[in-house]
Amino acid sequence: MSELDPRIRAYFGADEHPLASWRLLHAVDQAWVSRIAMAGSDDPGVLSYDDLRELGGDARRRRLRAYEDWYKAWPYVRTAQVRAVEDHLAHLPEPQPEEDDDLLDVPVITGPPGTGKTTLLKRAAVRALCTAAWDRRLDGSARRQSDELVRPDWRPVIFHSADGNPHVKTFFAHLCDELSVPATKDPQVAFQKAALRHGVQYVFIDEVQMINFDGQYGMYLHNALKALQNMNLRVVLAGHNVRHLLVDRKTVAQNATQTQSIARWAFQDLERYGHDTKAEISEWRALLRGLEAHVRLAGHERGETVFSEQFEEHLWVSTLGYVNALAALVTGACLAAIRTPGQRITAEIIDAVRLNERVARGRHRRLEGWRAQRFRWATDAAPAP
């Protein structure tokens with residue numbers, strides 16, 4: 001790679017030599033960053049109606065596949081609530097596992113399902129990885145050469161998505177897998193040794209709501225997270241409604257363990273986008289502007305305010321402000337519009353896109369109320385009587 005793709009370059013911030021920093025990353029990490037930062041295909045551009053008509057069957061199919069790849073990877077839009085979480089993460093001190101002695105606070109990104117936590121967490125992990133590479137370059141070649149005798153495979157960031165209700169051994173075995181090291185009979189010890197050997201600084205854990213923090217296993221897992229902190233690793237968690245998982249436990253020991261663990265948990269909440277106040281509407285429109293810049297349809301001019309003005313209220317009533325539902329809706333609408341002669345997004349196309357049960361329930365009634373101008377812009381998102 002003679003130069004970095006701009007989508008990757010953006011994660012290196014003010015790094016003056018991002019390509020040199022990039023080359024310090026392990027091939028596995030480079031591939032992972034590329035998947036996150038360059039999700040989807042290259043920009044397919046817009047073909048005129050005449051050009052579209054002249055395409056043969058194979059060319060038309062290739063074109064459709066390129067559009068599908070493009071629309072499946074909607075841009076990452078930094079609205080105010082997203083920036084607030086990013087700013088919190090950016091202002092935390094960098095972890096130095098072999099130098100610091102104090103436990104590091106644990107940021108916890110939480111909120112209802114469908115509010116974009118995983119997307120944010122992955123990009124925060126990519127940014128941490130690129131920043132770690134930048135720092136490694138600044139450390140100088142002499143120190144790196146000495147360090148490489150100890151850490152032949154430098155892996156500063158681990159991203160793990162929890163599944164099921166893991167035992168502590170399973171949890172640490174999964175972390176070992178992320179580093180491609182054997183878990184041995186004691187996965188926790190194996191990981192601790194591997195983390196030092198590979199220079200791990202950050203552990204990002206997604207879907208923590210899958211972990212049952214109740215009972216004896218819950219106590220063990222709190223201790224496991226505390227063990228990562230004791231190694232002076234920066235642990236970042238994300239999961240649905242994590243606050244609700246942290247209720248009083250059955251025994252004094254379990255409550256004591258949980259209290260010690262969460263005393264350092266710093267909650268960062270993501271919410272669905274509201275539509276009551278001017279500030280909320282402005283945020284919603286900013287999100288839609290970021291998405292409509294991605295539209296590549298012959299029936300819409302580049303920069304046309306197709307989402308942020310023409311369908312702004314329509315999209316909110318349809319999705320109730322949940323960003324994942326919005327992504328599904330606009331993706332489906334664009335892919336449906338591609339297959340129409342007019343190549344334009346219409347209200348009929350938007351209404352035909354199916355959504356998850358949470359927002360689909362009552363959707364028809366909400367839209368009817370909104371079209372009859374009976375919709376009350378309130379937190380319960382219900383039509384006025």
Side-chain angles (χ1 to χ4, degrees), residues 3-11 33-79 82 114 116 118-120 122-123 126 273 283-319 321-356 359:
E3 60 183 27
L4 277 179
D5 184 284
R7 291 168 290 184
I8 295 176
R9 172 67 181 87
Y11 285 96
V33 169
S34 297
R35 285 200 305 274
I36 302 301
M38 301 169 63
S41 66
D42 293 330
D43 190 340
V46 179
L47 290 185
S48 68
Y49 291 117
D50 290 339
D51 289 338
L52 286 170
R53 281 193 292 268
E54 291 178 3
L55 293 179
D58 286 355
R60 185 178 294 274
R61 179 59 188 163
R62 290 191 188 97
R63 187 77 184 174
L64 181 60
R65 288 170 59 184
Y67 278 129
E68 288 176 346
D69 288 343
W70 175 251
Y71 286 127
K72 285 176 184 175
W74 282 100
Y76 179 57
V77 182
R78 289 184 167 88
T79 57
V82 170
T118 295
T119 299
L120 193 158
K122 285 182 177 179
R123 281 157 178 77
V126 168
Y273 290 85
E283 269 287 275
W284 180 246
R285 288 176 176 168
L287 175 60
L288 296 180
R289 281 194 296 272
L291 298 182
E292 68 195 3
H294 211 64
V295 173
R296 300 292 184 268
L297 294 168
H300 291 289
E301 296 292 334
R302 191 67 80 88
E304 185 178 339
T305 54
V306 57
F307 296 143
S308 61
E309 291 187 13
Q310 297 174 40
F311 296 110
E312 180 256 316
E313 288 188 0
H314 191 165
L315 291 171
W316 194 92
V317 175
S318 298
T319 65
Y322 287 101
V323 69
N324 287 4
L326 175 67
L329 182 54
V330 296
T331 298
C334 287
L335 291 176
I338 287 173
R339 294 169 167 85
T340 65
Q343 293 263 310
R344 284 189 65 84
I345 296 171
T346 65
E348 292 74 20
I349 285 176
I350 290 174
D351 290 346
V353 177
R354 298 196 175 194
L355 297 174
N356 65 64
V359 296

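This structure is a prediction, so every number in the text was calculated from the model and none was measured. Numbers here simply count residues along the sequence, with the first being 1.
Every side chain to side chain contact (heavy atoms under 4.5 Å, CB included) that Glu301 has, sequence neighbours left out, goes to Glu304. The side chain to side chain contact (heavy atoms under 4.5 Å, CB included) search around Val306 returns Glu292, Val295, His300, Gln310, Phe311, Ile345, not counting sequence neighbours.
Closest heavy-atom contact between Val77 and Ala286: CG1-O, 4.0 Å. Closest heavy-atom contact between Ser34 and Ile8: OG-CD1, 3.7 Å. Considering all non-hydrogen atoms of both residues, Arg63 and Gly45 come closest at NH2-O, 3.0 Å. Minimum heavy-atom separation, Tyr49 to Gly342: OH-O, 2.7 Å. Taking every heavy atom of both residues into account, Ile350 and Ala333 meet most closely at CG1-CB, 4.4 Å. Nearest heavy-atom pair, Ala336 versus Ile349, reported as atom, atom and distance to 0.1 Å: CB-CG2, 3.8 Å.
Within the model, atoms CG of Leu47 and CG of Leu55 stand 6.0 Å from one another, a figure rounded to the nearest 0.5 Å. With rounding to the nearest 0.5 Å, the separation of OG1 in Thr346 from CG in Asp351 is 8.5 Å. In this structure, OG1 in Thr118 is found 10.5 Å from CZ in Arg123, a value given to the nearest 0.5 Å. The CG atom of Leu355 lies 8.0 Å from the OG1 atom of Thr319; values are rounded to the nearest 0.5 Å. Leu326 CG to Trp316 CH2: the interatomic distance, rounded to the nearest 0.5 Å, is 12.0 Å. Between atom OH of residue Tyr67 and atom CZ of residue Arg296 there is a gap of 9.0 Å, rounded to the nearest 0.5 Å.
Inter-residue side-chain proximity for Tyr76 and Leu120 is flagged as met; some heavy-atom pair is nearer than 4.5 Å. The side-chain heavy atoms of Glu309 and Arg285, taken from C-beta on, include no pair separated by under 4.5 Å. A 4.5 Å side-chain heavy-atom check between Val46 and Leu297 finds every atom pair outside the cut-off.
Arg7 and Asp42 are joined by a salt bridge, as a carboxylate oxygen and a charged side-chain nitrogen come within less than 4.0 angstrom of each other. Using a 4.0 Å cut-off between charged nitrogen and carboxylate oxygen, Asp50 and Arg53 count as a salt-bridge pair.
Although no hydrogens or angles enter the test, the distance criterion places no donor-acceptor pair under 3.5 Å between the side chain of Thr305 and the main chain of Ser308. Within the 3.5 Å criterion, the main-chain N or O of Ile338 finds a donor-acceptor partner in the side chain of Gln343. With hydrogens and angles disregarded, no donor-acceptor distance shorter than 3.5 Å links the side chain of Arg344 to the backbone of Ala298. Without hydrogens or angle criteria, Tyr11 side chain to Val33 main chain gives no donor-acceptor distance under 3.5 Å. A donor-acceptor pair is defined here as one N or O able to donate and one able to accept, closer than 3.5 Å; such a pair exists between the side chain of His294 and the backbone of Trp70. A donor-acceptor pair under 3.5 Å is absent between the side-chain atoms of Thr331 and the main chain of Ala328, judged by distance alone. Checked by atom type and distance alone, the side chain of Arg60 pairs as donor or acceptor with a backbone atom of Leu52 at under 3.5 Å.
Aromatic ring orientation, Tyr273 versus Trp284: tilted (interplanar angle from 30° to 60°).
With a 6.0 Å radius and a threshold of 12 heavy atoms from other residues, nucleotides or ligands, Arg354 has its CZ atom at or below the threshold.
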